[in-house]
Participant: 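This structure is in structure tokens; I'll ask about it shortly.
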Amino acid sequence: MVAEGFTAAGAKVYLAVASSGDATAKNNLGVLHYRGVGVSTDLEAARGLFTQAAALGSSQAVANLALIRGGGCGLDSARSAQTVGQLETAVADGNAAAAKQTIDCLYFNAAKNRLEDPDGAMIAASLAIASGDGPGRFKSGRALVNAARSIQLPGYRGSPTQQEYDNRVVRLIDRASLDLFAATELGQPQAYEWLGVARHQFNKLLPRLQLGDRLGKKTFEEWMQAGAVNGDWAMICRTASFAMEDLLHRVGRYSRSEFNAVVARAHACIDRQEDSAASLEWYDAVEYPAVKPHPVASSYPTFDIGRAADALRRLLFQDAAARLKEPTS
């Protein structure tokens, strides 16, 4: 009912079911109180309901309760780090909801820098995500790659030594590679791009990585192409843009078949329709999160579509102009 907009009626249903001891209903009613949706905003009522739901086995309620105790996550790095501390026990117990909340809380470097071992916290969160959770494995793998990319390079004041830097990167990318390769096998084609990012940025460390040989089998461009072949919308657009730019800047002539193939790739990007069934709203989950999770990936790659459309317009104009100049027989 809440998803359909009947928030007050939904709250009444959850209240009735919660009174019978249902953990999911208690958690969801707690979120409604936390958010002030369908009921009055009442943080103490939310806290009590999360506590009861957690005691009844709701993993999401454990994460929601930690979020309230820690103060939440966001731009306040101190609160984010405190919330990660509140989630630590649940993550160690294999609570996937708490693990994903931890990853979101450590989105900004300022929060990571407040932890004694931010890399360990990220890896512990990764290990708590179920092996068959494709979106979760992608979320973790991408976060680990970004964590490695955010480590300050050696050579600056206060920066790590080369050995310290390399050791941290290897630790993070080893786990990221496991997550990302698993994600590709679990139907997450956007993971191919991040395999390419890891391969490109940490190329010199490939010999030290557990999956370095596998990661090094493709170039960055080839990993993006793999994403496009497997249906990642952003990679379809990006690789089409690269192909059009190649024709636009080619010194020699291109064939009609090359031109038609590239235009078809552009239309595969531009004409694709967004999946209206895909929703990222908090109320679409069976167990509501107190805070909407960071999206795993953009469902509509606006920038990449716009870039492909612009390249297609320029290619069509240039091609038409070139054909007008061709001698007629």
Participant: Going by the angle between their ring planes, with limits at 30° and 60°, are Trp282 and Tyr288 parallel, tilted or perpendicular?
Facilitator: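 Perpendicular, since the angle between the ring planes exceeds 60°.
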
Participant: Compare all side-chain heavy atoms of Leu180 with those of Phe138 and state whether any distance is below 4.5 angstrom.
Facilitator: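 Side-chain contact under 4.5 Å: yes.
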
Participant: Is any side-chain heavy atom of Asp174 closer than 4.5 Å to one of Leu211?
Facilitator: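 No, too far: nothing below the 4.5 Å cut-off.
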
Participant: With a 3.5 Å distance limit and no angle check, can you tell me whether Arg137 reaches the backbone of Ser131 through a side-chain donor-acceptor pair?
Facilitator: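 Such a contact is found between Arg137 side chain and Ser131 backbone.
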
Participant: Working to the nearest 0.5 angstrom, can you tell me the gap between Leu32 CG and Thr41 OG1?
Facilitator: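 Between atom CG of Leu32 and atom OG1 of Thr41 there are 10.5 Å.
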
Participant: Can Val37 be reached from Val291 by stepping across I, L, V, M, F, W or Y side chains whose heavy atoms are under 4.5 Å apart?
Facilitator: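 Yes.
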
Participant: List the residues meeting ring-ring contact (aromatic ring centres under 6.0 Å, His included) with Phe181, not counting sequence neighbours, and say none if there are none.
Facilitator: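 Phe181 satisfies ring-ring contact (aromatic ring centres under 6.0 Å, His included) with Trp223 only.
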
Participant: Determine, stepwise, if the pair Asp104 / Lys139 fulfils side-chain contact (heavy atoms from CB on, under 4.5 Å).
Facilitator: CA-CA 9 Å; Asp104 286 349; Lys139 182 189 186 86; 2.9 Å; yes

Participant: Report the C-alpha separation of Val170 and Phe202 in whole Å, then their side-chain angles, then the decisive distance to 0.1 Å, and conclude whether the side-chain contact (heavy atoms from CB on, under 4.5 Å) test is met.
Facilitator: CA-CA 9 Å; Val170 167; Phe202 306 113; over 6 Å; no

Participant: Can a side-chain donor-acceptor contact be found between Gln201 and Arg149 if the only test is distance below 3.5 angstrom?
Facilitator: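 Yes, because at least one side-chain N or O of Arg149 sits under 3.5 Å from a partner of the opposite role on Gln201.
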
Participant: If you look at every heavy atom in Ala11 and Val39, which pair is closest and at what distance?
Facilitator: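 It is CB-CG1, 3.5 Å.
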
Participant: Just by distance, do the side chain of Arg168 and the backbone of Ala148 share a donor-acceptor pair under 3.5 Å?
Facilitator: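 It does not hold such a pair.
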
Participant: Going by atom types alone, do Arg175 and Ser126 pair a side-chain donor with an acceptor below 3.5 Å?
Facilitator: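 A donor-acceptor contact under 3.5 Å links the two side chains.
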
Participant: Roughly how far, to the nearest 0.5 Å, is the CG atom of Leu67 from the SG atom of Cys105?
Facilitator: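 Going from the SG atom of Cys105 to the CG atom of Leu67 covers 6.5 Å.
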
Participant: Looking at side-chain heavy atoms only, is the closest gap between His294 and Lys100 below 4.5 Å?
Facilitator: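 They are not in side-chain contact.
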
Participant: So, does Lys26 use its side chain to make a donor-acceptor pair with the main chain of Ala18 at under 3.5 Å?
Facilitator: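 Yes, Lys26 side chain to Ala18 backbone: donor-acceptor pair under 3.5 Å.
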
Participant: So Gln60 and Val286, do their side chains get closer than 4.5 Å, heavy atoms only?
Facilitator: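 A side-chain contact under 4.5 Å is absent here.
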
Participant: Is there a path of hydrophobic side-chain contacts, each under 4.5 Å between heavy atoms of I/L/V/M/F/W/Y residues, joining Ile236 to Leu315?
Facilitator: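 They do not share one cluster, since no chain of ILVMFWY contacts under 4.5 Å joins Leu315 to Ile236.
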
Participant: Within a strict 4.5 Å, meaning less than it, do heavy atoms of the Thr184 and Asn230 side chains meet?
Facilitator: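 They are not in contact (no side-chain heavy atoms under 4.5 Å apart), so the answer is no.
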
Participant: For Gly196, is there any backbone N or O sitting under 3.5 Å from a side-chain donor or acceptor partner on His200?
Facilitator: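 Checking the backbone N and O of Gly196 against the side chain of His200, no donor-acceptor pair under 3.5 Å is found.
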
Participant: State whether the side chain of Asp22 and the backbone N or O of Val17 hold a donor-acceptor pair below 3.5 Å, judged by distance alone.
Facilitator: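 Pair absent, no side-chain N/O of Asp22 close to backbone of Val17.
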
Participant: Do you know which two heavy atoms are closest between Val31 and Pro289, and how far apart they sit?
Facilitator: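 That would be CG1-O, 3.6 Å.
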
Participant: Tyr192, Ile173: one ILVMFWY side-chain cluster at the under-4.5 Å cut-off?
Facilitator: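 Per the 4.5 Å side-chain linkage, Tyr192 and Ile173 are co-clustered.
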
Participant: How many angstroms lie between CD in Glu222 and CZ in Arg199, if you round to the nearest 0.5 Å?
Facilitator: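 Between Glu222 CD and Arg199 CZ, I get 8.5 Å after rounding to 0.5 Å.
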
Participant: Please answer: with hydrophobic residues joined when any side-chain heavy atoms are less than 4.5 Å apart, are Val169 and Leu115 in the same cluster?
Facilitator: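 Yes.
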
Participant: Can you check whether Trp194 reaches Asn146 side chain to side chain, under 4.5 Å on heavy atoms?
Facilitator: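 Of all side-chain heavy-atom pairs linking Asn146 with Trp194, at least one is under 4.5 Å.
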
Participant: Heavy atoms only: give me the nearest Ser77-Arg114 pair and the separation to one decimal.
Facilitator: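 For Ser77 versus Arg114, the nearest heavy atoms are OG-NE, 2.8 Å.
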
Participant: Does the distance from a Lys or Arg side-chain N to an Asp or Glu carboxylate O, for Arg142 and Glu193, drop under 4.0 Å?
Facilitator: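 Between Glu193 and Arg142 there is no salt bridge, as every charged N stays at least 4.0 Å from the carboxylate O atoms.
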
Participant: Between Lys217 and Asp213, does any NZ, NE, NH1 or NH2 come within less than 4.0 Å of an OD or OE carboxylate oxygen?
Facilitator: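 Here Asp213 does not pair with Lys217 in a salt bridge, since their nearest N and O are not under 4.0 Å apart.
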
Participant: With side-chain contact (heavy atoms from CB on, under 4.5 Å) as the test, would you mind laying out the steps for Ile305 and Cys269 before giving the verdict?
Facilitator: CA-CA 6 Å; Ile305 294 171; Cys269 158; 4.0 Å; yes

Participant: Could you tell me the separation between the CG atom of Asp232 and the CD atom of Gln190, rounded to the nearest 0.5 Å?
Facilitator: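 Asp232 atom CG to Gln190 atom CD measures 5.5 Å (nearest 0.5 Å).
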
Participant: Would you say CG of Asp117 has more than 12 non-hydrogen atoms from neighbouring residues, nucleotides or ligands within 6.0 angstrom?
Facilitator: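 Atom CG in Asp117 is crowded, with more than 12 foreign heavy atoms closer than 6.0 Å.
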
Participant: Ring pair (Phe, Tyr, Trp, His ring centres under 6.0 Å): which pairs involve residues 31-84, sequence neighbours left out?
Facilitator: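 For residues 31-84, and leaving out neighbouring residues, there are no ring pair (Phe, Tyr, Trp, His ring centres under 6.0 Å) pairs at all.
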
Participant: Excluding sequence neighbours, so at least two apart, what forms side-chain contact (heavy atoms from CB on, under 4.5 Å) with Gln318?
Facilitator: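 Leu248.
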
Participant: Mind listing the closest non-hydrogen atom pair of Ile270 and Ala309 along with its distance?
Facilitator: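 Between these two residues, the closest heavy atoms are CD1-CA, 3.6 Å.
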
Participant: Does Arg79, at its CZ atom, have more than 12 non-hydrogen atoms belonging to other residues, nucleotides or ligands within less than 6.0 Å?
Facilitator: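 Atom CZ in Arg79 is not packed in, count stays at 12 or less.
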
Participant: Is a donor from one side chain sitting under 3.5 angstrom from an acceptor on the other, for Asp319 and Tyr254?
Facilitator: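 Distance-only check passes for Asp319 and Tyr254.
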
Participant: Taking everything shown except Leu75 itself, do over 12 heavy atoms lie less than 6.0 Å from its CG?
Facilitator: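 Incorrect, the count does not exceed 12.
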
Participant: With no hydrogens and no angle check, is any side-chain donor or acceptor of Gln152 less than 3.5 Å from a backbone partner on Ser150?
Facilitator: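 No, Gln152 side chain to Ser150 backbone: no donor-acceptor pair under 3.5 Å.
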
Participant: Go through the structure and list residues passing side-chain contact (heavy atoms from CB on, under 4.5 Å) with Ala61, not counting sequence neighbours.
Facilitator: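 Once residues adjacent in sequence are excluded, the partners of Ala61 under the side-chain contact (heavy atoms from CB on, under 4.5 Å) criterion are Asn27, Ala53, Ala54, Ser58.
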
Participant: Please lay out, stage by stage, how Thr7 and Arg35 fare under the test side-chain contact (heavy atoms from CB on, under 4.5 Å).
Facilitator: CA-CA 11 Å; Thr7 56; Arg35 289 176 169 271; over 6 Å; no

Participant: Phe242: which residues meet the ring-ring contact (aromatic ring centres under 6.0 Å, His included) condition with it, sequence neighbours left out?
Facilitator: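 So Phe242 forms no ring-ring contact (aromatic ring centres under 6.0 Å, His included) with any residue.
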
Participant: Quick one: pull up CD1 in Ile103 and SG in Cys73 and give me the separation to the nearest 0.5 Å.
Facilitator: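 Reported value, rounded in 0.5 Å steps: 12.0 Å.
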
Participant: How close do Ala176 and Val145 get, heavy atom to heavy atom, and via which atoms?
Facilitator: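 Nearest heavy atoms, Ala176 then Val145: CB-CG2, 3.8 Å.
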
Participant: Is there a donor-acceptor contact under 3.5 Å from the side chain of Lys218 to the main chain of Gln225?
Facilitator: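 No, because the side chain of Lys218 does not come within donor-acceptor range (under 3.5 Å) of the backbone of Gln225.
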
Participant: Check residues 84-98 and write down every donor-acceptor pair under 3.5 Å in which the side-chain atom is one partner and the other belongs to a residue at least two apart or another chain.
Facilitator:
{"unit_1": "Asn95", "atom_1": "OD1", "unit_2": "Ala97", "atom_2": "N", "d": "3.0"}
{"unit_1": "Asn95", "atom_1": "OD1", "unit_2": "Ala98", "atom_2": "N", "d": "2.9"}
{"unit_1": "Asn95", "atom_1": "ND2", "unit_2": "Ser59", "atom_2": "O", "d": "3.0"}

Participant: Looking at every non-hydrogen atom in both residues, tell me the closest pair between Leu56 and Gly21 and how far apart they are.
Facilitator: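 In terms of heavy atoms, the two residues are closest at CD1-O, 3.3 Å.
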
Participant: Tell me whether Asp310 contacts the main-chain N or O of Gly306 through its side chain, where contact means a donor paired with an acceptor under 3.5 Å.
Facilitator: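 Not confirmed, Asp310 side chain does not pair with Gly306 backbone.
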
Participant: Measure the spacing between OH of Tyr165 and CD1 of Ile151 and express it to the nearest 0.5 Å.
Facilitator: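 Rounded to the nearest 0.5 Å, the OH-CD1 separation comes out at 6.5 Å.
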
Participant: Within 45 degrees of the axis of the six-membered ring of Phe317 and under 6.0 Å from its centre: does Arg314 put its NZ or CZ there?
Facilitator: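 Cation-pi check for Arg314 and Phe317: fails.
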
Participant: Do Trp233 and Leu186 share a hydrophobic cluster, counting only Ile, Leu, Val, Met, Phe, Trp and Tyr and linking them when any side-chain heavy atoms are less than 4.5 Å apart?
Facilitator: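 Hydrophobic grouping puts Trp233 apart from Leu186.
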
